[in-house]
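Both counts, for ligands and for their atoms, begin at 1 and track the order of listing. One is the number of the first residue; the rest follow in order along the sequence. Note that the coordinates shown come from a computational prediction; the quantities given were computed from them, not determined experimentally. Reckoned from all heavy atoms, side chains included, excluding hydrogens, waters and symmetry mates.
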Amino acid sequence: MNRPIRWSAGALVWRPAPGGSPTDLQVLLVHRPRHDDWTVPKGTVERGEVRPVTAVREVEEETGVTARLGVPLLELEYEYAPGRMKNVAYWAATAVRGDADAYEPNKEIDGVAWVPLTKAAKRLSYDSDRSVLDAFAERLSSGALDARTLLVVRHATARPRQRWRKDPLARPLSAEGKNEARGLRPLLAAYGVHHLRSSAALRCAATLSPYADTLHRPIVLDHRLDEPREGGPEKKRPVAEAMAEAVDHKRPVVVCGHRPVLPRMLEVVGVDASAVDADPLPAAGLVVVHHRRGEVRAIERHDPH
Ligand code: ATP
């Protein structure tokens, strides 16, 4: 009998060494007394969680550091017990809050250390974890660690179109959609989203509002991203202009839009529309694009559970 895979996620948190030169990097590793090993922080996905959220939660639990995810690094598979496989997705991440030195040792983790990148391979206990370092080194040398982050979200489930007689822009989220919107909160936080943009439709703005409220940030409403009227022409140029403004932000930006417009929104940043044409995003699903100087460095897709 095939046993189910255990899904996990973690992050390699990096920083320039304090007082060192900007190219002198350190990474955050943990020691676990139970296995007497040094590893990259990671852990098991909880019910209803998407992996970027797991990665940030586990880093926080195991190091006391709040991480913000950058580019994905790789997925590892290993046998964690006879006949049982684990799949772990890792991201490169930076620390936004918290102090690893203040972490209280406990029975899960009794050591948290910022280790010079050049010494990390030696400190780690597993070859597979060394491949996380290799993926990081490759991202570092290709300049991908400085990539900007764009999240494109399909709005959460709205009340049925057929039964809505008022202004189409005012059609609200359903109860399920409101739940989905709340579910997006930790996911947007995982990438450190700072700028929020949306079509002018209430169902798009409401998809972002739980996160906007937590962050006390405004949502910029943009009619250029509105859904074309039934049977009306698709407005390619306004979408392109709206997206060009969005990706001009240095800090991570989320843009919420409508399913028929999503391929155009993504095309503008160089993502092949087939990424969402062939297999459309579900309600509240999102694509994360890491890009730098007009070049796509990595693409992720996360469908809510
Ligand atoms: P977590 O909650 O972080 O998943 P865990 O202790 O339940 O922790 P693992 O870290 O996967 O699970 O450890 C289970 C077994 O797998 C241990 O024997 C450990 O030595 C081994 N192991 C842990 N990490 C790796 C790795 N990166 N490559 C290979 N084996 C590993």
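When only non-hydrogen protein atoms are considered, atom 26 (C) of ligand 1 lies nearest to Ser128 OG, 3.1 Å. Among protein heavy atoms, atom 15 (C) of ligand 1 sits closest to Tyr80 O, 3.4 Å. Of all protein heavy atoms, the one closest to atom 19 (C) of ligand 1 is Tyr126 OH, 3.1 Å.
Per-residue contacts place Arg34 under 4.0 angstrom from the following atoms of ligand 1 (heavy atoms of the residue considered): 5 (P), 6 (O). Against a heavy-atom cut-off of under 4.0 Å, Asp129 is close to the following atoms of ligand 1: 27 (N).
Contact annotation: the side chain of Arg68 never approaches that of His194 to less than 4.5 Å [non-hydrogen atoms, C-beta and beyond]. The closest side-chain heavy-atom distance from Leu150 to Val152 is below 4.5 Å.
Residue His249 places its NE2 atom among more than 12 non-hydrogen atoms of other residues, nucleotides or ligands, all under 6.0 Å distant.
When the options Thr39, Leu124, Thr63 are evaluated for a side chain to side chain contact (heavy atoms under 4.5 Å, CB included) with Leu29, the one that passes is Leu124. When the options Leu69, Val40, Leu12 are evaluated for a side chain to side chain contact (heavy atoms under 4.5 Å, CB included) with Tyr90, the one that passes is Val40.
Judged by distance alone, the side chains of Thr157 and Glu180 do bring a donor and an acceptor atom under 3.5 Å apart.
Considering Arg6, Arg32, Lys86, His35 only, the shortest heavy-atom separation from atom 10 (O) of ligand 1 involves Arg32. Distances from atom 2 (O) of ligand 1 to the heavy atoms of Gly10, Gly43, Ala9 show the closest one on Gly43.
The backbone N or O of Tyr126 lies less than 3.5 Å from no partner atom in the side chain of Tyr78, so there is not a single donor-acceptor pair.
Looking at Lys42 next to ligand 1, an N or O pair under 3.5 Å apart turns up.
At a heavy-atom cutoff of 4.0 Å, ligand 1 is contacted by the side chain of Tyr78 but not by its backbone.
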